Amino acid sequence: MRHLFTLPLLSLALAASAAAQTVPVDLFRDAVKTLSSDEYEGRAPGTAGEEKTLAYLVEQFQAAGLKPGNPKGPNGPSWFQDVPMVEITARNVSPLTFTGGTGAAQSLAYGPQMVVGTYRVTPRVEVANSDVVFVGYGINAPERGWNDYAGLDVKGKTVVILVNDPDWLMQGLDGPFGGRAMTYYGRWTYKYEEAARQGAAAALIVHQTEPAAYGWNVVQSSWTGAQQVAASQNDGADQSAAIGWIQLDQAKALFARAGQDFEKLAAAARQKGFKPVPLTGVKASVSFDNQVRRHASKNVVGILPGTTAPDEVVLYTAHSDHLGQCEAASDGDNICNGAIDNATGTAALVAIAKAQAKAGATPRSQVYLAVTGEESGLLGSDYYGKNPLYPHAKTVGGVNMDALSMAGPAKNVVVVGYGKSDLDAYLTRALATQGRVASQEPTPEKGFYYRSDHFSLAKHGVPMLYFDGGDDLVEGGKAAGKAYADAYEENAYHGPKDEFDPNWRWDGIQRDLDLYYSVGRALASTTEWPNWKPGDEFRAIRDKSRAGQ
């Protein structure tokens, strides 16, 4: 068997041509500016802003030289894959109240102190006098010998949950849940999924900035206004009636009214063998109406057909959606434009497609997938993963692009999920041509691996590479890189100030675009089939897929 990372002569020649090809950064810049303009209204699914985004992407994909990428369109090949969604907008939200225990009733205001919503497609939600239970990190992981719900039936009750994993405070990567690096058990999506499986009426996550990886401003802007959920046959009847977040100080007051100490119970929840703790005597109530609208959002799909192995596919993915209209900034601006997140990744699809088509088709097909609903829980990529237009067994691998760095040239790139798959070697070779190196993510506790669209493909066994511009900048080193990341998270992430800046550095993004180009072209040119590393969580799925099982 040929060594996994040995490229055939044809691939080496094509890789050399890839290195010489430069992705048009002016096209990238113009696409970011257009997609993040106020005219596009924040690109929320099911809005006029989405319609403009769809039309623009089709126009750009056609101009780049791609063909319609959905072979299963209703009238032949199509640029679109419909993604059935339901838009739910909470109205007339009551305060979240806790009664019983000691002291007067505790009333949390919607927005500044709590946010609440639902996955149920129903005109009204009402949770009344529900017993409250602290379930630690809300994890049920039999393979790790961990069950935060052990010994207590929470059906019809309100569960209060901590964000992240129990071992997130550890500095290393050893621990029952990987230490500092977040697993999927730490993500808020999992917390609500497990609470629903346990039959909870309501699930409330306690917000803490460090383990959540963002401040309350992000929670408030993301969870208020119209929310998108995936359409389902039972309209979410098996989900908890209410899901949401509460501020940390409110959680501490809640525990105190039940005679409990939040810090002590949080510390206990980090230990194996923790059992859920009822907040005896305390009852939770909240209600709200729902404005419901069913619609089909769309993934946009373009293809550069392969020459000799067209049924073998390499994916480029990026999410085209953002939050639309959101919580207004102090100046009244209420459009979350999403310039970095993720007009940059979407613009990269356009610019890289142009460069690839100009360089000529590769042996394998290249598929460019602009997915919808990422901000609502990876809805578009999850739908594609469950309804692939190209079989997962014939999908070689892919590159995901999300929130590209505009910090300027860096000595490295940060790989989210470094060491998980054979795709790292393709990136290493491309980096060598630029004199750069790959680095592990500096904040693994933020769980970025489970927060973008590559995860939806990885769950089906497809090796996906997700890297971003480096944090060790040519000018200013790691201190400057951290300052850039911190400023973006604090001032712009999921807010109205994530806007196009004509003063951005374009030399750094040029190098990153060329890397994405080179890795994808090498994958589309080799005859090899990269896999996940032995023991990785997705390896068995890939092996079964490739074996036709």
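FYI, the numbering just counts along the sequence from 1. As the structure is a computational prediction, the values presented were derived from the model and not from experiment.
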- Message: Within the structure provided, determine whether Val115 and Thr224 are in side-chain contact (heavy-atom separation under 4.5 Å).
- Response: yes
- Query: With a 4.5 Å heavy-atom cut-off, do Gln81 and Val371 have their side chains touching?
  - Reply: no
- Query: Mind checking whether Val396 and Val313 have side chains closer than 4.5 Å, heavy atoms only?
  - Reply: no
- Query: More than 12 non-hydrogen atoms from neighbouring residues, nucleotides or ligands closer than 6.0 Å to NZ on Lys544, yes or no?
  - Reply: no
- Scan side-chain atoms only and decide if Thr317 and Asn400 contain a donor-acceptor pair under the 3.5 Å cut-off. yes
- Query: Would Asp498 and Tyr488 count as having a side-chain donor-acceptor pair, cut-off 3.5 Å?
  - Reply: yes
- Does the side chain of Glu375 come under 3.5 Å of the side chain of Ser222 through a donor N or O and an acceptor N or O? no
- Query: So with a 6.0 Å cut-off around CD of Gln113, is the heavy-atom count from everything else above 12?
  - Reply: yes
- Task: Verify the distance criterion only: is there a donor paired with an acceptor across the side chains of His319 and Asp341 at less than 3.5 Å?
- Result: yes
- Query: Within 45° of the axis and under 6.0 Å from the centre of the six-membered ring of Trp168, does NZ or CZ of Arg180 qualify?
  - Reply: no
- Message: If we count only N and O atoms by modelled type, under 3.5 Å, do the side chains of His295 and Gln228 hold a donor and an acceptor together?
- Response: yes
- Query: Considering residues, nucleotides and ligands other than Gln233, do more than 12 of their heavy atoms fall under 6.0 Å from its CD?
  - Reply: no
- Message: Contact between Glu374 and Asp402 at the side-chain level, heavy atoms closer than 4.5 Å - yes or no?
- Response: yes
- Note on the structure: Tested for side-chain hydrogen bond (donor to acceptor under 3.5 Å, both in side chains) against Lys283, the lone hit among Thr99, Asp131, Asn129 is Asp131
- Item | Neighbour count >12 (heavy atoms, 6.0 Å) for atom NZ, Lys394 | yes
- Are Trp188 and Trp223 close enough, and set up right, to give a ring-ring contact (aromatic ring centres under 6.0 Å, His included), and what steps lead you there? CA-CA 12 Å; Trp188 57 265; Trp223 279 76; 5.5 Å; yes
- Item | Residues forming a side-chain hydrogen bond (donor to acceptor under 3.5 Å, both in side chains) with Gln291, sequence neighbours excluded | Arg91
- Query: Among side-chain atoms of Gln227 and Glu87, is any donor-acceptor pair under 3.5 angstrom?
  - Reply: no
- Query: Just how far is it from atom OH of Tyr450 to atom OG of Ser456, taken to the nearest 0.5 Å?
  - Reply: 13.0 Å
- Query: Given Tyr184 and Phe455, is the ring-ring contact (aromatic ring centres under 6.0 Å, His included) satisfied, shown in steps?
  - Reply: CA-CA 10 Å; Tyr184 186 61; Phe455 178 51; 5.2 Å; yes
- Message: Could you check whether any side-chain heavy atom of Gln220 comes within less than 4.5 Å of a side-chain heavy atom of Trp245, counting everything from C-beta outward?
- Response: no
- Item | ring-ring contact (aromatic ring centres under 6.0 Å, His included) evaluation trace for Phe177 with Trp146 | CA-CA 10 Å; Phe177 291 89; Trp146 197 287; 5.3 Å; yes
- Check the pair Phe134, Phe274 against ring-ring contact (aromatic ring centres under 6.0 Å, His included), reporting the backbone distance first and the verdict last. CA-CA 11 Å; Phe134 175 57; Phe274 170 81; 5.7 Å; yes
- Item | Any side-chain donor near an acceptor of the partner, Asp148 and Asn140, under 3.5 Å | no
- Message: Quick check with a 6.0 Å cut-off and a 45 degree axis cone: is Lys420 positioned over the face of Tyr449's six-membered ring?
- Response: yes
- Query: Quick one: do the Asp289 and Asn92 side chains pair a donor with an acceptor below 3.5 Å?
  - Reply: yes
